[in-house]
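Throughout, protein chains are lettered first and strands after them, A, B, ... in sequence-line order, and every chain is numbered starting at 1. Only a predicted model underlies this, so the values are computations on that prediction, with no experimental measurement involved.
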2 protein chains.
Amino acid sequence: MAKRNTRELILETSLALFNDLGEQNVTTNLIADEADISPGNLYYHFRSKNDITIELFKRFIVQLEPILDVSDDSNLDAEDLWFQLHLSFELKGKYRFLYRNLTDLSQKVPALDRALKGLFNRERRAASFQLAALEKRGSLKIDRGQRELLLNNLMLALIYWIPYAEILDEQGLEDGNIQVRAIAGVLQMVIPYLASAERREFEHLVKTYLAHLN
Amino acid sequence: MAKRNTRELILETSLALFNDLGEQNVTTNLIADEADISPGNLYYHFRSKNDITIELFKRFIVQLEPILDVSDDSNLDAEDLWFQLHLSFELKGKYRFLYRNLTDLSQKVPALDRALKGLFNRERRAASFQLAALEKRGSLKIDRGQRELLLNNLMLALIYWIPYAEILDEQGLEDGNIQVRAIAGVLQMVIPYLASAERREFEHLVKTYLAHLN
DNA sequence: GTCTATATCTAGATAGAC
DNA sequence: GTCTATCTAGATATAGAC
């Protein structure tokens, strides 16, 4: 039994420490210590510290991709969209250490660099599909140039909302407050381009959720 | 003569290396090597590597603050606003290493943490003043809740546009292309709330600048 | 002010017994 | 699979001569 369990234990411990202290500030000795195993044991399960990071990143991707997997003819209403964004921000919160050091992460491990770019592409495409779905049913109107700029801005919010909240020492990653505000930020970018009915719907949704924050 | 010059040389060399490789991946030996001085000499001028980082950060702040220093009754037109944003993004590009590792930077040096929060506060207030100025002359209309959300989103763009462009391997920090696109992104967030005359003016400005990119 | 040489420390990683 | 002990490399920082 031990093998699988120890490996999992190392990964869980690493994730918690990386999120708390930043990947760069966590040593393999600290991980071993915190997991109550020996450093040697850690290296029996992972060939290097980078391997731990890569494995965590893989798990993040595996969980995020199905959330992003929106087909061209998706037809989500406001509530669905909210729910989907919530899932994605929740996951990003769980693996938030990844989003704090994107450049360093990319520089250090070439495999991560490619994976990250692929991920961002898919996320952008997912957002684009959602806009397209809204356009198709006449809920949204935006010209092509502005659409690209909007997508850039959406990506900024999707990627950086959580690290931004962290810097400001905002509490609420555990209870979901941060996530709610992140989603509100994302939706707020789209709201101005919505037709009046949908606009009211989205505005109402945002207001309602924000009102329930502590 | 030597004292002042060597100190400057160290700072310039450090800045270039930090921007290229990331602060964490630059050793004091590398700085000394690149600057053609000895490691010992470097430590004659700076007591620690952190001191170099702090000094660079101070210089960044000293240059950024006058740009952000917008009084309550400012009355910038679209071109002025563009110019102001350009100055700020240009400076942020010069010191872009700071924006890649905000969390780590804050964690490592408490003094930087306070300074950073202060800076963000001032930047947010500056943005708020600009919105207020537009509102005062009837160019902009937005309700209070949405205003806060918009300010959050503006902050995201102001802080993270450059690191975002870096991850995507976008070229053009030197020739100003990145800056232009960052500004376009920022203005695009405001455009939907503008009255029609100003809206056309801003849209025209954005289109014109973007059209001149390589 | 600047150099060379080196001290100190700590991180990642390995060896080999159990 | 797990441990203890240890190697090695490299980074920050200092000492002391010039």
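Listed by chain and number, the residues in a side chain to side chain contact (heavy atoms under 4.5 Å, CB included) with A/L91 are A/F60, A/Q63, A/L64, A/I67, A/Y95 (sequence neighbours excluded). Contacts of B/E170 classified as side-chain hydrogen bond (donor to acceptor under 3.5 Å, both in side chains), with partners at least two apart in sequence or in another chain: B/R181. Partners of A/Y209 by ring pair (Phe, Tyr, Trp, His ring centres under 6.0 Å), not counting sequence neighbours, listed by chain and number: A/W82. Qualifying side chain to side chain contact (heavy atoms under 4.5 Å, CB included) partners for A/D175, counting only residues two or more places apart in sequence or in other chains: A/N177, A/N214. Every residue was checked against the ring pair (Phe, Tyr, Trp, His ring centres under 6.0 Å) condition with A/F89, not counting sequence neighbours, and none meets it. Remark: A/S128 engages A/R147 in a side-chain hydrogen bond (donor to acceptor under 3.5 Å, both in side chains) (not counting sequence neighbours).
Using a 4.0 Å cut-off on heavy atoms, the residues of residues 30-43 of chain A that approach DNA chain D are A/I37, A/S38, A/G40, A/N41, listed by number. Scanning residues 13-29 of chain A for heavy-atom distances under 4.0 Å to DNA chain D yields an empty list.
Applying the side-chain hydrogen bond (donor to acceptor under 3.5 Å, both in side chains) definition to pairs two or more places apart or across chains, those involving residues 149-160 of chain A are A/R124-A/N152.
Closest to the side chain of A/S48, out of D/dT12, C/dT2, C/dA13, is C/dA13.
One atom, NZ of A/K49, and another, P of C/dT10, lie 16 Å apart when rounded to the nearest Å. Between the CZ atom of A/R47 and the P atom of C/dG12 there is a distance of 16 Å, rounded to whole Å. Between the CD1 atom of B/I10 and the C1' atom of C/dT2 there is a distance of 11 Å, rounded to whole Å. C/dT2 atom P lies 12 Å from atom CZ of B/F46, rounded to whole Å. Here D/dT12 presents its P atom at 13 Å from CG of B/D51, a figure rounded to the nearest Å. For the pair A/H45 NE2 and C/dT14 C1', the interatomic distance rounds to 16 Å; values are reported in whole Å.
Side-chain contact between B/L119 and B/L68: present, with at least one pair of heavy atoms (C-beta onward) separated by less than 4.5 Å.
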